[in-house]
Amino acid sequence: MKVFIINLASKKDAESIKECDDTNGDVKILNVKTKVVHGYKGYDAQTGAISFPIYQSATFRHPGLNESTGYDYSRLQNPTREELEKTVASLEHATHGFAFSSGMAAITTVIKLFSPGDHIIVSDDLYGGTYRIFEEIYKKFGIEFNFVDTSNTEEVVRNFKPNTAAVFIETPSNPMMKISDIEAICEYAKSKGALTIVDNTFLTPYFQTPIDLGADIVIHSGTKYLGGHNDTLAGVLLLNDDALAEQIQLIQKSEGAVLAPFDSWLILRGIKTLAIRMEKQQENALKIAEWLKTHPKVEKVYYAGLPESEGYEISKKQATGFGAMISFSIYDVELVEKILQRVNVIIFAESLGGVESLITYPMVQTHAAIPPEIRERIGVDERLLRLSVGIEDSDDIINDLEQALR
Ligand SMILES: *Cc1c(COP(=O)(O)O)cnc(C)c1O
């Protein structure tokens, strides 16, 4: 019997191949662990180069008048960027992918799909830069943003208005690690003709594929887990709808916040180890969260993988893992500065998702742009610290925290 091994995406694709094929072949979809290693095309067909080439070219020679190789100018398309876009699309079970110079460049592109007068419901606990771009840049263009607790689906429903055009969620949320029910929100939004946009940076398609749960657009800061090495900024948008994709392509090629060929290659290289990094980082995170829970100076630990955490059941329903982001609050505010100074293995720095463990002070770093009243409501206070757990030895990380907390 013929076996088709397909790289492209979802069960739906597999079914449509089955329908077209009259030889009755068996369709096998590659596991995500294999897909991350091999990418979309994976290698260069012409030379056999195993590492996908970096097409460091701004422009492309036309074979003749009205003829194109498919590539004309790198703001429109570049083969290395395209390999990254198709690889992440395949991982997210999407048909379209677009890579940008940063996560924020991807988010700004999404917002331009909307018009003055549109209302967007946004998770109140989210990346500070996302809050800033909505409130300080796009509000003045007449788009209205409402920051609500999307981990409570009823809150989302209650805040819907006739002009609500989209719901924008981050789950797990940043930094309180709250879980929103993607499927329930998508279902309601769809019934009202609104889009659901999910920032999937924290879990990555290795643990969560929002499009399978009904999401219309998935966003990544590729700077984080996809790249995985704290060496490149990148953003990616993934979606299935052809008409929306056309609009995004128009914005991308018109504005030009595209990911450079070399940076595309770095993210592709990072993705090759996404599966083993996510597994190891999650394993470390669970150990560290359990240890932090028992520490007398720690008041509360926020990690979706703790069975007593509020979002645990929804997490298990909609994702295959909990990721490696932990927040924790300590009783003594005086200790914060000391911890940040004393950590040794763990690095005091912004960002997350890389192989190195990083510690962040959300109130003054990632969430400084969020007004105090919202910060207070969601629980981002002067005693909260956030940990991005890396791939180091878990005992070394725990020992480092132990001496820093002492
Ligand atoms: C970092 C981050 C962003 C912004 O991405 P950049 O690559 O820094 O522009 C957006 N969303 C989340 C969840 C992030 O962690």
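Whatever order the structure lists them in is the order used to number ligands and atoms, beginning at 1. Values reported hereafter were calculated over all heavy atoms of this structure, with side chains retained and with hydrogens, waters and symmetry mates removed.
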Inventory of protein N or O atoms under 3.5 Å from ligand 1 N or O:
| residue | atom | partner | partner atom | Å |
| --- | --- | --- | --- | --- |
| ligand 1 | 5 (O) | Ser221 | OG | 3.0 |
| ligand 1 | 7 (O) | Gly103 | N | 2.9 |
| ligand 1 | 7 (O) | Ser221 | OG | 2.8 |
| ligand 1 | 7 (O) | Thr223 | OG1 | 2.6 |
| ligand 1 | 9 (O) | Gly103 | N | 3.0 |
| ligand 1 | 9 (O) | Met104 | N | 2.9 |
| ligand 1 | 11 (N) | Asp199 | OD2 | 2.7 |
| ligand 1 | 15 (O) | Lys224 | NZ | 2.7 |

| field | Point-to-point distance, once rounded to the nearest 0.5 Å, from CD1 of Ile219 to CD of Glu92 | value |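 Reported to 0.5 Å precision, the distance equals 11.0 Å.
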
| Under 3.5 Å donor-acceptor, Gln403 side chain and Asp400 backbone |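 Confirmed, Gln403 side chain pairs with Asp400 backbone.
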
Please list, chain by chain and in numerical order, all residues satisfying salt bridge (Lys or Arg N to Asp or Glu O under 4.0 Å) with [X], sequence neighbours excluded.
X      : result
Lys297 : none
Glu402 : none
Arg81  : Glu85

| field | Salt bridge flag under 4.0 Å for residues Lys287 and Glu290 | value |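 Salt bridge flag = no for Glu290 with Lys287.
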
